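Since we're looking at a predicted model, the values are computed, not measured. Proteins come first, then strands; the chains are lettered A, B, ... in the order of their sequence lines, and each starts at number 1.
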Protein chains: 2
Amino acid sequence: MLKKERQELIIHEVNLHNKVLVADLSTKISVSEDTVRRDLIELSDEGRLVKVHGGAISNSFRNSYKHTDIYSLDQKKVIAQKAVSIIEDGMLVFTTGGTTLLEMLRILPQSLRATFVTVSVPGAFELLQHPHVEVIIIGGKLSRNAQIVVGGEAIHRIRKFNADLAFLGVNAIDTQRGITDNDYEVTLVKQAIIESSSHVAALTISEKLNTVQKIQVCPPGGYHSLVTELPPDHALLHPYQQSSTTIL
Amino acid sequence: MLKKERQELIIHEVNLHNKVLVADLSTKISVSEDTVRRDLIELSDEGRLVKVHGGAISNSFRNSYKHTDIYSLDQKKVIAQKAVSIIEDGMLVFTTGGTTLLEMLRILPQSLRATFVTVSVPGAFELLQHPHVEVIIIGGKLSRNAQIVVGGEAIHRIRKFNADLAFLGVNAIDTQRGITDNDYEVTLVKQAIIESSSHVAALTISEKLNTVQKIQVCPPGGYHSLVTELPPDHALLHPYQQSSTTIL
DNA sequence: AAAATTCCCGCAAAAACCCGCAGAAATTGA
DNA sequence: TCAATTTCTGCGGGTTTTTGCGGGAATTTT
């Protein structure tokens, strides 16, 4: 087999699988590992792939994830748009923390007149930028990780409210386990918010669909709306379709 | 699995859930915890995430706060230095809002171990950056102007505390009228804080000395320490010298 | 203060890498 | 065609990287 031919095969393989192992290529093309290694070095010098210890990865590999990172902001904006559409003037609205939630709070229309109750410090900060919303923060001990208020006192306060709507930032969601999180204190707060709200909207980017964390926040169907950046009839969302749930 | 591949997976996971645990990653990708730990260290060195005890948190989660320009920053730093010197480990400390206060909170030594109770949203945010302080925020309606919690509920909560020390951001101070402010709700909150603290330290830049606002917060001598950027024996401060007041 | 986690350091084994060499293969030029 | 020359390949052996593990230090939790 020609050297050139072999290298093209390697490129093809890399583009196909995003990564290759020296050992695999060696057996696959029946040449020594050293030869493969030398090919990878050449291809790497030509900038056609990125050599790493043990093999090589495609140029776009880092992009394949980074892609989602860059655009996750846009995704969150789409989610935020949808979420905003279900807020009505005069409502009492609960919000939790989380970057998706923050993004939503940021794009609230300036004209909106509503009362927001939040457990999130950065969330409160964001809400203060809006001239016509009244902001109430729940008091209590702050969780450094989540940057939200937690603890018995906070939960007690939350239960005093009877909100029309709750926006729940979601860490992981699954058709079997429902919404899950990895911080016990946070799950307690979210549960209290769910129980104190007439309508619960779960906000998440689609990547978190079908992922599971340690502790359950609420069972499948424990929320009334599911908001993602995908169109409501997207295949990924079909399993989440229930009579009690609206998919936005 | 390639090392690089594994690290990208970790980055992805961190960006997705804001936080990851070493143990979780270890089982998820079937490598030892040490390997995960080493990956986290490398990624942390590259600045792609922030390593913490037990796992890592995403960069964007920590950087969400932007430093805004603050008027006469240098003077406020001097004040902050002095103020910090009267805090002791284990104290329960009240703080109000105001840019001077914020500046002080920012330069608190990382090693300080104390509990802070605050009515200020940006103050809470700043305090959360300090690893060893417990942060409690008073709940209630937020004042858009002052970015602090106000109202009867908040005041009721404040009175439940018995703090060792209170840092009072000062709007105007005068030898005749004492500390004054122009927002009625805010004065009520500050009064409640004063009454709930054994020692009250008033923080102000010298420009505010000998100025008066509409509503009295407390009479001259109603505070125990006065902290400005001037040396304690400066002529401007002489009129404020009282037996009950320490000038820093 | 005690108990439990988590971290860190050094070690050793396995894997991957690199270097130089020599034979094989391809290329070149008459 | 054939020999000289260049390029390529596989291999031996030494070096580096990576990984898991033991055990003690540091940190967090109870």
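- Atom NE2 of A:H156 has 12 or fewer heavy atoms from other residues, nucleotides or ligands within 6.0 Å.
- In this structure, the CE atom of B:M1 is 15 Å from the C1' atom of D:dT19, given to the nearest Å.
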List the atom pairs, donor and acceptor, that lie under 3.5 Å between side-chain atoms in residues 80-94 of chain B and the rest of the protein, sequence neighbours left out.
residue : atom : partner : partner atom : Å
B:K82   : NZ   : B:T228  : O            : 2.8
B:K82   : NZ   : B:L230  : O            : 2.6
B:K82   : NZ   : B:L248  : O            : 3.3
B:S85   : OG   : B:K82   : O            : 2.5
B:D89   : OD1  : B:R113  : N            : 3.4

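- Paired with A:C218 under the rule side-chain contact (heavy atoms from CB on, under 4.5 Å), one option of A:T187, A:I179, A:I173 passes, and it is A:I179.
- Straight-line distance from the NZ atom of A:K4 to the P atom of D:dT7: 15 Å, rounded to whole Å.
- Counting to the nearest Å, the P atom of D:dT29 and the CG atom of B:L21 are 12 Å from each other.
- In the set D:dT19, C:dT6, C:dC17, D:dT19 carries the atom at the smallest distance from any side-chain atom of B:R6.
- The distance between atom CD1 of B:I41 and atom C1' of C:dC7, rounded to the nearest whole Å, is 8 Å.
- Checked against B:D39 for a salt bridge (charged side-chain N to carboxylate O under 4.0 Å, His left out), the options B:R6, B:R48, B:K3, B:K4 give a single hit: B:R6.
- Applying a 4.0 Å cut-off to non-hydrogen atoms, the residues of residues 30-38 of chain B that approach DNA chain D are B:V31, B:S32, B:D34, B:T35, B:R38, listed by residue number.
- Remark: P of D:dT29 and CZ of A:R144 are 10 Å apart, rounded to the nearest angstrom.
- Screening A:L203, A:V227, A:T99, A:I79 against A:M104 for a side-chain contact (heavy atoms from CB on, under 4.5 Å) leaves a single residue, A:L203.
- Separating the CD atom of A:Q7 from the P atom of D:dT9 is a distance of 9 Å, rounded to the nearest angstrom.
- In this structure, A:E42 places its CD atom 7 Å from P of D:dC8, rounding to the nearest Å.
- One interatomic measurement links the two molecules: NE2 of B:H132 to C1' of D:dT29, which rounds to 15 Å at whole-angstrom precision.
- Side chains of A:Q7 and A:E42 form a contact here, defined as non-hydrogen atoms less than 4.5 Å apart.
- Between B:K51 and C:dC7 there is a side-chain N or O to OP1 or OP2 distance below 4.0 Å.
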